[in-house]
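Here's the structure, in structure tokens; my notes come after.
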Amino acid sequence: MRAVTRLKSLLNAVLAEKGLDWPEKANIEPPKDKKFGDLATNFAMIAAKPLGLKPRELAESLQKSLLAKDPSLEKVEVAGPGFLNVTFSPAFWRETVTEILEQKERYGTSGIGKGRKIQVEFVSANPTGPLHIGHGRGAAVGDCLARTLRAAGYDVSTEYYINDAGRQMRLLGLSTWTRYQELHGVAVTYPEDWYKGEYIIDLAKDLTALHGKTLLDMPEAEALAVCQSFSMNAILEGIKKDLRDFRVEHEVWFSEKSLVEAGAVERTLGDLKERGLAYDKDGALWFATEQFGDDKDRVLRKSTGELTYFASDIAYHDDKFKRGFDVTVDIWGADHHGYIPRMQAGVEALGKSRDSLRVILVQLVNLMRGGEQIAMSTRAGQFETLADVVAEVGVDAARFMFMSRKSDSPLDFDLELVKEKSMDNPVYYVQYAHARISSLFAKAAERGTPLAAEAAPETLAGLDTPEDLDLLRLLEQFPDVTAQAAQFFSPHAISYYLRDLAGQLHRYYAANPVLTAETPGLIQARMLLLKAVAVTLRNGLALLGVEAPEKM
RNA sequence: GCGCCAGUAGCUCAGUCGGAUAGAGCAACGGCCUUCUAAGCCGUCGGCCGAGGGUUCGAAUCCUUCCUGGCGCGCCA
């Protein structure tokens with residue numbers, strides 16, 4: 001971050017002298033090949049045209065003025081069609097250690113969010129059964145995204161939308177009621193589309209413990225109501241616990257029912273009608289989403305008088321925007337992707353810009369064991385719950401596995417592989433790097449070699465080998481990685497960075513003795529460097545919600 | 001039929017707002033523990049980036065036509 005910022009401001013100064021702005025398409029990034037220096041920019045190729053110059057000519061004149069402007073630049077080369085390849089001095093890179101040790105847990109944070117209010121709504125599973133592994137992926141993605149956005153300077157709020165109104169809740173109540181009657185010897189016929197999982201039987205038993213058989217004497221409607229609210233509350237408590245155990249916190253639990261009961265849905269529908277965006281046809285109320293790019297108009301209220309989910313979803317998003325969020329991010333299972341155009345159309349109809357709603361799709365998780373797929377279905381009642389999976393493989397391994405793919409590709413989650421302590425399962429590789437450093441400091445303390453209090457330039461001067469510089473350069477990139485992860489809503493990039501950093505650390509460790517280095521000064525310099533690595537690893541893992549162990 | 005996503009090494013995947021010779025891990029093979037954790041390190045092998053066409057100084061990346069796989073297209077939720 002420091003290097004890019006520095007180079008960019010130098011180039012901007014050149015532009016300012018000529019009264020020009022930074023060209024949109026110009027970029028500065030580390031080149032793939034080290035021999036092209038620390039940073040490469042296509043600046044001259046992009047900027048040459050408006051100046052009426054040839055790219056290479058501009059590059060050559062920049063080369064001279066850059067070197068004259070900043071002593072941190074060791075080398076500036078012109079290459080190919082007009083690339084500028086810039087190499088910073090080792091002293092410049094060593095300042096990274098000082099910076100990290102000063103910023104500590106703030107290293108990797110940035111202000112790119114500019115305090116904008118952003119909401120991340122995720123999981124939001126119907127409270128009709130326990131969370132399964134697919135919800136776990138959504139939970140991990142949403143939680144890591146929220147952490148990443150927060151670190152990037154957004155004002156983030158996390159939320160779980162509870163679908164506690166409507167048909168699914170009635171089915172849940174009916175399912176529990178059926179199991180309850182069955183439990184007490186009443187002959188029952190199983191309803192259609194009911195929840196037949198084991199957990200419903202457990203609910204019926206819990207209900208019995210609380211109420212005995214008294215529900216059998218109630219009017220059926222009343223008994224159903226008791227079953228429904230009891231089941232929902234119990235399941236919701238279970239979901240909350242599962243999420244807490246998975247280190248996922250939602251700040252707001254938003255009830256659909258409360259929205260309906262407060263009349264918010266009716267109000268939103270009324271607004272739409274008034275603005276001519278909703279109309280009656282065939283006895284139903286329709287939302288004119290087609291004019292906002294949807295395939296066709298959608299029903300808000302069925303001819304039966306019942307509201308559709310879409311109606312309350314629109315009212316819910318209306319409510320979100322009224323609460324002042326600049327952007328709301330919804331994390332959905334990929335099977336809902338067909339729903340995006342109509343939601344975006346709806347958001348536009350509400351008077352917001354299309355991109356105030358960002359939908360992140362999370363693809364399917366194939367739960368496997370030893371290469372064989374485990375079938376999952378809430379309805380059929382055969383699934384491994386998130387809680388079961390976490391109990392088996394641990395929070396760290398599960399979260400890291402979820403963050404090791406971009407959310408948009410399907411993920412095979414093999415319980416045997418996730419438990420395995422190999423590079424198939426990189427969480428251990430990264431954690432091991434952190435533990436190694438910690439244990440090295442423990443050993444240093446035993447030997448009476450405490451870490452220097454300050455990372456002064458003269459102390460760090462011994463860091464001048466190629467491995468030192470590789471590590472320093474990688475450390476310096478961490479703030480860029482977190483900023484980009486936030487900008488592109490891709491927290492998985494952090495896990496890839498951490499693997500790289502861990503790899504570089506392991507290489508360094510193998511090649512450079514730290515506590516037995518030639519001179520006391522060099523010992524200090526290397527300890528400070530490794531301390532900076534540990535801080536960066538810890539900060540990165542924190543963004544993923546994974547622990548950085550001292551020992552393994 | 002229409003739409004969304006994917007197709008990169010034997011396997012699992014990064015890279016995709018155009019950049020220089022396409023990366024990593026696993027697997028396979030060969031090395032490295034009397035010295036800070038071998039859950040590690042080093043090396044070798046491995047590619048027509050699904051196929052064709054286009055755009056340009058430059059394409060895995062953008063456009064287009066196909067092929068293959070997953071998912072979705074209700075007054076379901």
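Residue numbering restarts at 1 for every chain, and letters A, B, ... go by the order of the sequence lines.
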Does the structure show a Watson-Crick or G-U wobble partner for B:rC26, both distances under 3.5 Å? Name it, or say none. B:rG10
N-O pairing of A:R342 and A:D313 below 4.0 Å: no
For A:S439, answer base if it contacts any base atom (sugar-phosphate contacts may also be present), sugar-phosphate if it contacts only those atoms, and nothing otherwise; contact means non-hydrogen atoms under 4.0 Å. base
Salt bridge present between A:E467 and A:R507 (N-O < 4.0 angstrom): no
For A:H336, which contact category applies under a 4.0 Å heavy-atom criterion: base, sugar-phosphate, or nothing? base
Let me know the distance between CG of A:D294 and C1' of B:rG74, rounded to the nearest Å. 13 Å
Identify whether the glycosidic angle of B:rC5 places it syn (within 90° of 0) or anti. anti
Would you mind checking if A:K281 and A:D297 are paired as a salt bridge, meaning a charged N to carboxylate O distance below 4.0 Å? no
Rounded distance (Å) that lies between atom P of B:rC73 and atom CZ of A:R342: 8 Å
Watson-Crick or G-U wobble mate for B:rU34, both contacts under 3.5 Å: none
May I ask you to say whether A:E550 pairs ionically with A:R538, meaning some side-chain N is under 4.0 Å from a carboxylate O? yes
Scanning all shown strands, the Watson-Crick or wobble mate of B:rC45 with both distances under 3.5 Å is none
Once you apply a heavy-atom cut-off of 4.0 Å, does A:A79 come out as touching a base, just sugar-phosphate, or nothing? base
Classify the nucleic acid contact of A:D412 as base, sugar-phosphate or nothing, counting any heavy atom under 4.0 Å across all strands shown. nothing
What is the nucleic acid contact for A:H506, judged by heavy atoms within less than 4.0 Å: base, sugar-phosphate only, or nothing? sugar-phosphate
Using a cut-off of 4.0 Å on non-hydrogen atoms, how would the nucleic acid contact of A:K54 be classed: base, sugar-phosphate, or nothing? nothing
Measure from the ring centre of A:Y496 to the centre of the six-membered ring in the base of B:rA14, then say whether that distance is under 5.5 Å and the planes meet at under 30°. no
Using atom types as modelled and distance alone, determine if a side-chain donor or acceptor of A:T308 lies under 3.5 Å from a backbone N or O of A:R301. no
For A:F83 and A:F36, I'd like to know if the aromatic rings sit close, meaning centre-to-centre distance below 6.0 Å. no
At less than 4.0 Å, is any side-chain N or O atom of A:R507 found next to OP1 or OP2 of B:rC42? Yes or no. yes
How is A:A444 classified with respect to the nucleic acid when contacts are heavy atoms under 4.0 Å: base, sugar-phosphate, or nothing? nothing
B:rC2 phosphate, OP1 or OP2, under 4.0 Å from A:K296 side-chain N/O: no
Select base, sugar-phosphate, or nothing to describe what A:N85 touches, counting heavy atoms under 4.0 Å on all strands. base
For A:Y509 and B:rG40, is the gap between ring centres under 5.5 Å while the planes differ by less than 30°? no
Which nucleotide, if any, forms a Watson-Crick or G-U wobble pair with B:rA51, using both distances under 3.5 Å? B:rU65
Any A:R436 side-chain N or O less than 4.0 Å from OP1/OP2 of B:rA38: yes
Have a look at A:R405 and say if it touches a base, only the backbone sugar-phosphate, or nothing, with a 4.0 Å heavy-atom cut-off. sugar-phosphate
Check every strand shown and say whether A:N42 touches a base, only sugar-phosphate, or nothing at a heavy-atom separation below 4.0 Å. base
What is the separation between atom CD on A:Q504 and atom P on B:rG40, rounded to the nearest whole Å? 16 Å
Quiz item: A:S303 side-chain donor-acceptor pair to B:rC75 base, under 3.5 Å: yes
Check whether any side-chain nitrogen or oxygen of A:K406 sits under 4.0 Å from OP1 or OP2 of B:rG15, and answer yes or no. yes
Who pairs with B:rG3 - Watson-Crick or G-U, where each distance is under 3.5 Å: B:rC71
Could you tell me whether A:D297 contacts a base, only the sugar-phosphate backbone, or nothing, with contacts defined as non-hydrogen atoms closer than 4.0 Å? nothing
With sugar-phosphate meaning primed atoms plus P, OP1 and OP2, does A:P81 contact a base, only sugar-phosphate, or nothing at under 4.0 Å between heavy atoms? base
For A:A435, which contact category applies under a 4.0 Å heavy-atom criterion: base, sugar-phosphate, or nothing? base
